Protein chains: 2
Amino acid sequence: MNAEEFLKLENQLCFAIYACSREITRLYRPILDDLELTYPQFLTLAVLWEHQRLTVKEISQHLQLDSGTLTPMLKRMEAMGVLERKRASEDERKVYIELTNKGIHLKKKAIQLPEKCIPHFGLSEHQYKELLASMQQLIENLQQVTRLT
Amino acid sequence: MNAEEFLKLENQLCFAIYACSREITRLYRPILDDLELTYPQFLTLAVLWEHQRLTVKEISQHLQLDSGTLTPMLKRMEAMGVLERKRASEDERKVYIELTNKGIHLKKKAIQLPEKCIPHFGLSEHQYKELLASMQQLIENLQQVTRLT
DNA sequence: TAAAATTAGGTTGTGCACAATTTAATTTTA
DNA sequence: TAAAATTAAATTGTGCACAACCTAATTTTA
């Protein structure tokens, strides 16, 4: 396949990934609406369900989002009462993010998200894991290029 | 894998796809900057390089973007001089989008995008096609759920 | 240890992405 | 054929996503 062919939409892996990402979000939306969360907010909670307390920087590393995206989103989530932002006393530059009880308990409801949605992917568990591994490998390959300091 | 496991970020195919999409855009950005295009603008041109003249609705179907996204973007692209918006005379509701010479000629430069970037994916042509097919199949499966009128 | 460099988070501005609504044109149907 | 329904595009408003820049705290190093 030559470069000209790669310009066609149907041959662009990048477009398929971009379109797929939005399509999954569309599938998730009714349940996210029920949780009163956006998808990036859900991801933020997912990180915090695993790690309890993280700095903004650490969340930024997990989600690959910068402070320009995170700061306003975390403020909105604080206003919603799902988490708290606490300036670290040992290093005044850092801000710790901690879940409130409301944020912790959202996990129970959030379990519906994978439960109800993943079956619609139409993939066997094996196919799911294969595809997940391929995507993670691709991310790693890309980061080697984009993250060269 | 149970629903609880699926909530972990590392097991979420959706997160991998979302992160990968942004990572590829990051890889493309230096070349897109050179073309003075954003990624969605590049996609719009890619559709028009294949189809010459399309209505907003048709572009919307190719890219799965609604008029709320397309209308302002197409206006910006018109202001940049890469395309023209023409109200159809046979049906005044429709707006045709046509490339200008500038828009047509951008294709030559744009060939660098796949040429320079796809090698960084670190995939063989076979792997590229496999992954592309998997993503397209997944999109189709998802659309059967999200597009039920 | 004072100046320089680095780091963490915040701010500002632009451009999607999408829901909800509006407007005007066209098609359907009673 | 007039009213109702549908369609195409535009508009409004919210929330990311990210570049560029700023501020203050901490670390490095001369």
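Predicted, not measured: the structure shown is a model, and the values here were computed from it. Atoms considered below: every heavy atom in the structure, side chains included; atoms not considered: hydrogens, waters and symmetry mates. Order of the sequence lines sets the chain letters (A, B, ...), proteins ahead of strands, with each chain counted from 1.
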Exercise. Which is true for A/Y18 with a 4.0 Å heavy-atom rule: it touches a base, it touches only sugar-phosphate, or it touches nothing?
Worked result: sugar-phosphate
Problem set entry | A/E50/B/K8 salt bridge by N-O under 4.0 Å criterion | no
Exercise. For A/R29, which residues count as a side-chain hydrogen bond (donor to acceptor under 3.5 Å, both in side chains) partner, sequence neighbours excluded?
Worked result: none
Exercise. Counting any heavy atom closer than 4.0 Å, what does B/S60 reach on the DNA or RNA strands: base, sugar-phosphate only, or nothing?
Worked result: nothing
Exercise. Among C/dA19, D/dA8, C/dG15, which is the nearest nucleotide to the side chain of B/R76?
Worked result: C/dG15
For this session: Provide, to the nearest angstrom, the distance between the CD atom belonging to B/E36 and the C1' atom belonging to C/dT14.
Result: 15 Å
For this session: Please determine if a side-chain N or O atom of B/R93 lies less than 4.0 Å away from the OP1 or OP2 oxygen of D/dT6.
Result: no
Problem set entry | Base D/dA10 to side chain B/S67, donor-acceptor N/O within 3.5 Å cut-off | yes
Seminar exercise, completed: B/R22 atom CZ is separated from C/dC16 atom P, nearest whole Å, by 17 Å
For this session: Report the residue (A/E23 or A/K94) whose heavy-atom-nearest nucleotide on DNA chain C is the more 5′ of the two.
Result: A/K94
For this session: Report the distance from atom CD of B/E90 to atom CZ of B/R87, rounding to the nearest 0.5 Å.
Result: 11.5 Å
For this session: In whole angstrom, give the distance that lies between atom CG of B/L70 and atom C1' of D/dA10.
Result: 12 Å
For this session: Kindly point out which of D/dT26, D/dC16, C/dA17 is positioned nearest to the side chain of B/P40?
Result: C/dA17
For this session: Establish, with yes or no, whether the OP1 or OP2 oxygen of C/dC18 is under 4.0 angstrom from a side-chain nitrogen or oxygen of A/R29.
Result: no
Exercise. Under 4.0 Å between a side-chain N or O of A/K75 and OP1 or OP2 of C/dT11?
Worked result: yes
Problem set entry | d(CG, A/L63; C1', D/dC18) in whole Å | 15 Å
Seminar exercise, completed: To the nearest angstrom, the CE-C1' distance between B/M77 and C/dT14 comes to 16 Å
Exercise. Does the side chain of B/L27 reach to within under 4.5 Å of the side chain of B/F121, using non-hydrogen atoms?
Worked result: yes
Problem set entry | Protein-nucleotide distance (B/Y28, atom OH; D/dC18, atom P), rounded to Å | 16 Å
Seminar exercise, completed: Ranking A/L65 and A/D91 by the position along DNA chain D of their nearest nucleotide, the one closer to 5' is A/L65
Problem set entry | Heavy-atom pair of closest approach, residues A/R85 and A/E78 | N-OE2, 3.1 Å
Exercise. What is the distance from CD1 of B/I59 to P of D/dA10, rounded to the nearest Å?
Worked result: 11 Å
Exercise. Under 4.0 Å between a side-chain N/O of B/K57 and OP1 or OP2 of D/dA8, yes or no?
Worked result: yes
Seminar exercise, completed: Closest of C/dC18, C/dG9, D/dC16 to the A/Q41 side chain is D/dC16
Exercise. Base, sugar-phosphate alone, or nothing: which one does A/E90 contact when heavy atoms must sit under 4.0 Å apart?
Worked result: sugar-phosphate
Seminar exercise, completed: Where DNA chain D forms runs of at least three Watson-Crick or G-U pairs (i with j, i+1 with j-1, under 3.5 Å), the stems are C:1-30 with D:1-30
Exercise. Taking atom P of C/dG15 as reference, at what distance in whole Å does atom CG of B/L43 sit?
Worked result: 17 Å
Problem set entry | Check: B/T100/B/E84 side-chain N/O donor and acceptor closer than 3.5 Å | no
Exercise. Are side-chain heavy atoms of A/W49 and A/L106 found at a separation under 4.5 Å?
Worked result: yes
For this session: Would you verify whether the NZ or CZ of B/R22 falls within 45 degrees of the ring axis of B/Y18 while also being under 6.0 Å from that six-membered ring's centre?
Result: yes
Exercise. If only side-chain N and O atoms of B/T69 are considered, is one of them under 4.0 Å from the OP1 or OP2 phosphate oxygen of C/dC16?
Worked result: no
Exercise. So, is B/R85 close to the D/dA10 phosphate, meaning a side-chain N or O under 4.0 Å from OP1 or OP2?
Worked result: yes
